[in-house]
Protein chains: 2
Amino acid sequence: MITSPLFLKFIRSAPDVKEEEVTMILDHFTILQVKAKDHTVREGEICKHIGFVNKGCFSYYTLSESGRKSIIHFAFEDWWTGDLQSFLKRQPATTYWQALEEAELITINRSDFEHLCKISQAFKYLFDLKTQTAYIKILNKSAKDKSETAEEKYLRMLEEYPQIIQRVPHYDVASYLGIAPESLSRIRNKISK
Amino acid sequence: MITSPLFLKFIRSAPDVKEEEVTMILDHFTILQVKAKDHTVREGEICKHIGFVNKGCFSYYTLSESGRKSIIHFAFEDWWTGDLQSFLKRQPATTYWQALEEAELITINRSDFEHLCKISQAFKYLFDLKTQTAYIKILNKSAKDKSETAEEKYLRMLEEYPQIIQRVPHYDVASYLGIAPESLSRIRNKISK
DNA sequence: GGCAGTCATTGACATTTGTTAAGAAGTGGT
DNA sequence: ACCACTTCTTAACAAATGTCAATGACTGCC
């Protein structure tokens with residue numbers, strides 16, 4: 001039985017959800033311990049489960065043809081992990097998901113997910129809302145990424161996710177910002193003065 | 001009564017949808033003619049309706065504090081328009097939506113939308129799927145935008161949306177690519193050789 | 001037809017960022 | 001404690017992009 005307060009809070013945030021339904025939802029999930037640097041999804045594989053980050057943090061990225069890593073985003077506590085396209089459509093994944101620290105995921109597999117969506121209005125609601133919110137967020141981010149300089153992006157990141165620079169290797173932060181690690185160093189140096 | 005083949009095709013793409021339900025869905029929509037350069041949404045306003053682009057094309061963008069325009073994307077035939085966050089949450093919009101050509105929208109207002117989602121499983125399904133697909137698309141795009149040069153982004157845009165460069169002012173294309181109009185000119189000049 | 005305004009292009013120059021290489025600092029394993 | 005390895009930083013130079021200014025093409029209006 002899942003007891004994570006973080007996850008419980010998330011489930012109970014659905015409108016008018018009864019404890020009976022909460023319990024039923026929880027029953028569909030499993031705890032998964034992930035070691036630092038392990039991948040939970042790799043390109044080409046079918047993503048078998050999505051997971052709620054109860055502890056730790058993940059990066060998700062793509063590799064270009066030339067082998068260049070491009071970090072799309074990080075997932076900290078309270079976020080979901082997994083290649084959505086691969087999970088939902090049972091297609092090969094196009095992204096990698098890697099734990100940057102020892103982590104704990106609260107996971108659900110594809111068939112349990114489908115079943116749960118059918119029997120729980122609350123869970124379906126939460127999932128669709130999460131997708132909607134994430135979509136709106138990345139649209140806004142996309143606009144800012146186009147108009148800001150690297151330094152402005154870095155400062156905005158510090159405001160929005162001050163934990164990133166502490167918990168994530170700087171070369172991954174640089175990739176997330178779309179710049180070279182050396183450029184990030186320069187920017188940090190300039191700011192510290 | 002809406003007769004647009006494009007819109008009908010979209011509605012009928014829902015699984016197991018009967019003609020009765022299709023008719024009911026259509027009844028919730030209204031045709032809106034939009035003149036070139038008119039805005040359907042402005043920052044600060046509540047977005048009253050979302051619209052299916054039956055004809056024409058739109059740009060949607062944000063204005064930074066310094067007044068700088070930043071094009072998030074374009075919407076051609078078969079896309080939806082409207083500030084989703086504003087529409088769904090009844091909050092002031094953060095984006096502008098502008099017709100770049102004379103256009104025709106098939107629109108629905110907020111309360112009809114809510115009603116329709118409740119009475120039509122098919123419509124709710126189509127809307128959530130559209131959001132999901134758009135989300136996945138922009139995630140993939142976000143990754144590429146970070147790792148590609150401006151020239152690569154321009155070439156990719158030409159492959160994915162060859163119509164853009166014909167139908168949209170180049171300074172808007174440049175903004176969409178996140179570069180200065182002069183840089184776009186240079187890239188086009190270089191490629192044409 | 002002429003005029004004003006907008007848009008795309010070009011060139012010169014400044015600024016930013018990438019690349020390459022080197023070294024310093026930190027980390028983990030034995 | 002030592003070594004190997006990774007990460008971060010710095011410097012010098014190259015490449016890409018932004019900025020500013022000027023020009024020509026085009027459009028719509030009177």
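Proteins come first, then strands; the chains are lettered A, B, ... in the order of their sequence lines, and each starts at number 1.
- When the P atom of C/dT6 is taken as reference, atom CG of B/Asp172 falls 15 Å away, rounded to whole Å.
- Nucleotide D/dG18 holds its C1' atom 18 Å from the NZ atom of A/Lys146, rounded to whole Å.
- Judged by distance alone with a 3.5 Å cut-off, no donor-acceptor contact links the side chain of B/Arg186 to the base of C/dG11.
- The CG-P distance, from B/Leu184 to D/dT19, rounds to 15 Å in whole Å.
- The distance from atom NZ of A/Lys37 to atom P of D/dT6 is 8 Å, rounded to the nearest whole Å.
- If you measure from atom CD1 of B/Ile187 to atom C1' of C/dA8, you get 14 Å, rounded to the nearest angstrom.
- Taking every heavy atom of both residues into account, B/Ser59 and B/Ile71 meet most closely at CB-CD1, 3.9 Å.
- Of the candidate nucleotides C/dA8, C/dT19, D/dG18, C/dA8 has the atom lying nearest to any side-chain atom of B/Pro169.
- Side-chain contact check for A/Ser185 and A/Arg188: no donor-acceptor pair (N or O, by modelled atom type) lies under 3.5 Å.
- Spacing between atom NZ of B/Lys190 and atom C1' of C/dG11 amounts to 18 Å, rounded to whole angstrom units.
- Put simply, the side chain of B/Ser86 gets close to the backbone of B/Gln91: a donor and an acceptor are under 3.5 Å apart.
- Nearest to the side-chain atoms of B/Glu182 among the listed nucleotides C/dT19, C/dG11, D/dT7 stands C/dG11.
- Side-chain atoms of A/Arg110 never come within 3.5 Å of backbone atoms of A/Lys48 as a donor-acceptor pair (strictly under, hydrogens ignored).
- If you take OH of A/Tyr171 and C1' of C/dT27, they are 12 Å apart, rounded to a whole angstrom.
- Distances shown here put every side-chain N or O of A/Asn189 at or beyond 4.0 Å from the OP1 or OP2 atom of D/dT9.
- Using a 4.0 Å cut-off, no side-chain N or O of A/Arg188 falls inside it from OP1 or OP2 of D/dC8.
- Comparing D/dT17, D/dT9, C/dA8 by their nearest atom to the side chain of B/His170 picks out C/dA8.
- In this structure, A/Leu100 atom CG and D/dT7 atom C1' are separated by 14 Å, rounded to whole Å.
- For A/Ser185, taking side-chain heavy atoms from C-beta onward, the closest of the listed nucleotides D/dT10, C/dT19, D/dG18 is D/dT10.
- Annotation for B/His115: atom NE2 does not count as buried by contact number, only 12 or fewer foreign heavy atoms lying within 6.0 Å.
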